[in-house]
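Note sheet for the following structure.
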Amino acid sequence: MCLAVPMRVIEIEGVEGDFSTLAKALVEGEGVRREVRLDIIDRWPEIGDYVIVHAGFALHALTAGEAEESLRLLRQIAGNTDQRDTEDPV
């Protein structure tokens with residue numbers, strides 16, 4: 001199973017549509033920073049935008065509201081998983 005995570009764009013290197021150079025962004029989320037490629041993103045991001053990141057590529061640009069909702073749900077799932085891991089088996 002693969003999981004793509006919303007991350008906030010903090011720097012962009014390259015120009016939209018210019019494929020002569022490697023377009024990439026520095027993104028962060030949950031205290032983690034990563035450099036990701038922008039080759040296949042659906043909409044060119046701006047600083048402060050959120051993108052879905054998977055395997056080193058930004059795949060999809062999100063609104064802040066969409067990203068916050070996705071992150072909230074991921075935290076909720078992680079919290080439920082942690083709780084189940086500590087419960088005694090029946």
Side-chain angles (χ1 to χ4, degrees):
M1 178 173 83
C2 298
L3 179 65
V5 180
M7 300 183 86
R8 188 174 55 87
V9 176
I10 56 176
E11 291 179 19
I12 296 175
E13 184 179 317
V15 178
E16 180 180 10
D18 179 7
F19 297 108
S20 64
T21 60
L22 180 63
K24 53 190 173 183
L26 182 62
V27 297
E28 71 177 355
E30 302 297 312
V32 175
R33 286 186 176 200
R34 293 282 183 262
E35 188 174 85
V36 297
R37 294 184 51 176
L38 299 173
D39 305 63
I40 58 175
I41 193 155
D42 62 340
R43 175 181 61 82
W44 193 260
E46 295 182 16
I47 304 294
D49 284 351
Y50 284 82
V51 294
I52 292 288
V53 174
H54 175 68
F57 287 87
L59 305 175
H60 176 68
L62 300 170
T63 67
E66 290 169 327
E68 290 166 9
E69 177 66 7
S70 293
L71 290 169
R72 183 188 68 75
L73 291 170
L74 286 170
R75 287 184 198 108
Q76 182 179 1
I77 291 167
N80 287 337
T81 300
D82 291 343
Q83 184 178 12
R84 278 183 284 174
D85 290 342
T86 59
E87 293 176 357
D88 291 329
V90 177

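Everything quoted here is computed from the prediction, not taken from an experiment.
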Applying salt bridge (Lys or Arg N to Asp or Glu O under 4.0 Å) to Glu66 and not counting sequence neighbours gives none
Inter- and intrachain pairs under salt bridge (Lys or Arg N to Asp or Glu O under 4.0 Å), touching residues 46-63, at least two apart
Arg43-Asp49
Grab the two heavy atoms, one from Trp44 and one from Ala23, that are nearest each other, plus how far apart they are.
CH2-CB, 3.6 Å
Using every non-hydrogen atom in the two residues, find where Arg37 and Leu22 come nearest and quote the distance to one decimal.
NE-CD1, 3.2 Å
Val9 reachable from Ile52 in the ILVMFWY side-chain graph, under 4.5 Å edges
no
Could you work out, with side chain to side chain contact (heavy atoms under 4.5 Å, CB included) as the rule, every residue matching Ile10, not counting sequence neighbours?
Arg8, Leu26, Glu28, Arg33
Which atom pair, heavy atoms only, marks the closest approach of Ala58 to Leu38?
CB-CD2, 3.8 Å
Would you say that Arg72 contacts Glu68 through its side chain, given a criterion of any heavy-atom pair below 4.5 Å between the two side chains?
no
By salt bridge (Lys or Arg N to Asp or Glu O under 4.0 Å), which residues pair with Arg75, not counting sequence neighbours?
Glu30
Among Ile41, Ile40, Val51, Val36, side-chain contact (heavy atoms from CB on, under 4.5 Å) partner for Leu59
Ile40
Val27 and Val32: CA distance, side-chain angles, deciding distance, side chain to side chain contact (heavy atoms under 4.5 Å, CB included) verdict:
CA-CA 8 Å; Val27 297; Val32 175; over 6 Å; no
Do Leu62 and Ile12 sit in the same hydrophobic cluster, where Ile, Leu, Val, Met, Phe, Trp and Tyr count as joined when their side-chain heavy atoms come under 4.5 Å apart?
no
